[in-house]
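Heads up: the structure comes next, in C-alpha cells.
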Amino acid sequence: MFTFHLIDENNAHTILSWQYEPPYDLYNYLKAEANLLQHILHPQSTFYSIVDKNNELVAYCSFGEDGQVTGGDYRDQALDIGMGIRPDLTGRGKGAEYANVVLEFADSLFKPKVFRVTIAAFNKRAIRVWQKLGFEHQQSFERETDGM
Ligand SMILES: CC(C)(COP(=O)(O)OP(=O)(O)OC[C@H]1O[C@@H](n2cnc3c(N)ncnc32)[C@H](O)[C@@H]1OP(=O)(O)O)[C@@H](O)C(=O)NCCC(=O)NCCS
C-alpha cells in the first residue's frame with residue numbers, strides 16, 4: 001500500500017512546509033533552519049518520503065542520526081527512527097499502521113537488532129503508537145535549549 005522513495009527536492013519542500021496544530025507545532029520545521037533543506041537532500045541523509053497507492057505524499061521518515069534529538073544518550077547500539085505523518089492525516093487512528101510500515105522498511109534496509117525512537121514527553125499520541133508496536137520506555141532527558 002505504501003512506497004518509500006529517497007526524498008527529492010520537491011517533497012522536501014512540501015514536508016518542510018507542513019504545519020502541525022498546537023501542541024504538535026513543535027514538529028513544524030522552522031524556516032530559520034536554513035541548512036535543513038541541504039541537510040535533508042544531502043546524499044548521506046536518510047530521509048524518505050512515503051507515498052500511498054494513489055502516489056500521494058502521506059508521510060516521511062528518517063533513520064540513524066536523522067532520528068535523534070540533541071541531548072539524548074545514544075551510546076547504546078540501536079537504529080533511531082524519526083517520522084511524521086502529513087498533518088491532515090494525523091489523529092485518525094492510523095498512526096500504528098504507518099509506524100509499522102516504517103519499521104518493516106527500516107528492517108529491510110538496516111536489519112538492526114534494536115529500534116529506538118525519541119519522543120517529546122507531552123506527545124502521548126506518539127508514545128501510544130510506539131508502545132502499541134512493542135516499544136518500551138528506556139530513558140528520559142531534558143533538552144538544554146528549551147528544557148523540553
Ligand atoms: C506521532 C504520529 C505518528 C501518531 O500518529 P496518529 O495517526 O496521529 O495517531 P493516532 O490517531 O493513531 O493515535 C494514536 C493513539 O494515541 C491516542 N491519543 C491521541 N491523542 C492523545 C492524547 N492527547 N493523549 C493520549 N492518547 C492520545 C489515540 O487515541 C490512539 O490510541 P488508540 O490507538 O489506543 O486509540 C503522528 O501524529 C505524527 O506524525 N505526528 C507528527 C510528528 C510526531 O509527533 N513525531 C513524534 C515522533 S514519531
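Just so you know, these numbers use all the heavy atoms, side chains as well, and skip hydrogens, waters and symmetry mates. For ligands, and for the atoms within them, numbers begin at 1 and follow the listed sequence. Position 1 is the first residue of the sequence; numbering continues from there.
What sits closest to atom 15 (C) of ligand 1 on the protein, heavy atoms only, is Arg128 CG, 3.3 Å. Closest to atom 44 (O) of ligand 1 among all protein heavy atoms lies Asn123 ND2, 2.9 Å. Summary of contacts: the protein heavy atom closest to atom 23 (N) of ligand 1 is Tyr24 OH, 4.1 Å. Looking only at heavy atoms of the protein, atom 48 (S) of ligand 1 is closest to Trp130 NE1, 3.4 Å. Among protein heavy atoms, the minimum distance from atom 39 (O) of ligand 1 is reached at Ile85 N, 2.6 Å. Counting protein heavy atoms only, atom 25 (C) of ligand 1 is closest to Lys124 CB, 3.4 Å.
The aromatic rings of Tyr60 and Trp18 sit tilted relative to each other, their planes meeting at an angle between 30° and 60°. Note on ring orientation: taking the six-membered ring where Trp is involved, the planes of Tyr24 and Phe122 are tilted (angle from 30° to 60°).
Here the NZ-CG distance, from Lys94 to Asn100, works out to 13.0 Å after rounding to the nearest 0.5 Å. Taking CD of Gln19 as the start and CG of Asp88 as the end, the distance is 13.0 Å to the nearest 0.5 Å. In this structure, Tyr48 OH and Phe105 CZ are separated by 4.5 Å, a value rounded to the nearest 0.5 Å. Note that SG of Cys61 is 11.5 Å distant from CD1 of Ile85, once rounded to the nearest 0.5 Å. Taken to the nearest 0.5 Å, the NE2 atom of His42 stands 15.0 Å off from the CD1 atom of Ile7. Rounding to the nearest 0.5 angstrom, the gap separating the OG1 atom in Thr46 from the CG atom in Asp66 is 3.5 Å.
Polar contact with ligand 1: present for Gly93 (N/O pair, distance under 3.5 Å). When only interatomic distances are considered, the shortest N/O to N/O separation between Lys132 and ligand 1 falls below 3.5 Å. On a distance-only criterion, Lys94 and ligand 1 share at least one N/O pair closer than 3.5 Å. In terms of polar-atom proximity, defined here as any N/O pair under 3.5 Å, Tyr20 makes no such contact with ligand 1. Between Gly91 and ligand 1, at least one pair of N/O atoms sits closer than 3.5 Å. At least one N or O atom of Gly95 sits closer than 3.5 Å to an N or O atom of ligand 1. For Arg125, a nitrogen or oxygen atom sits less than 3.5 Å from a nitrogen or oxygen atom of ligand 1, counting backbone and side chain alike. Note: no N/O pair closer than 3.5 Å links Val129 and ligand 1 by distance alone.
Contact check for Ile15 versus Ile40: no side-chain heavy atoms found under the 4.5 Å cut-off. For the pair Phe2 and Glu97, the minimum side-chain heavy-atom distance is below 4.5 Å. Looking at Ile81 and Phe115, their side chains come closer than 4.5 Å, going by heavy atoms from C-beta outward.
Residue contact check for ligand 1: Tyr98 places no non-hydrogen atom closer than 4.0 Å to it.
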Could you pull out all donor-acceptor pairs under 3.5 Å where a side-chain atom in residues 130-138 meets a protein atom, sequence neighbours excluded?
unit_1 : atom_1 : unit_2 : atom_2 : d
His137 : NE2    : Gln139 : O      : 3.3
His137 : NE2    : Ser140 : OG     : 2.9

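Atom 3 (C) of ligand 1 lies below 4.0 Å from at least one non-hydrogen atom of the protein. Proximity of atom 35 (O) of ligand 1 to the protein is not indicated, since no non-hydrogen protein atom lies closer than 4.0 angstrom. Checking atom 29 (O) of ligand 1 against the protein gives no heavy-atom contact under 4.0 Å.
Not counting sequence neighbours, the partners of Thr118 by the side-chain hydrogen bond (donor to acceptor under 3.5 Å, both in side chains) test are Tyr74.
Here is the list of ligand 1 atoms found below 4.0 Å of a heavy atom in Ala126: 1 (C), 46 (C). The Arg92 neighbourhood of ligand 1 comprises atoms 11 (O), with distances under 4.0 Å to a heavy atom of that residue. Atoms of ligand 1 found under 4.0 Å from any heavy atom of Gly84, numbered from 1 in the order shown, are 39 (O).
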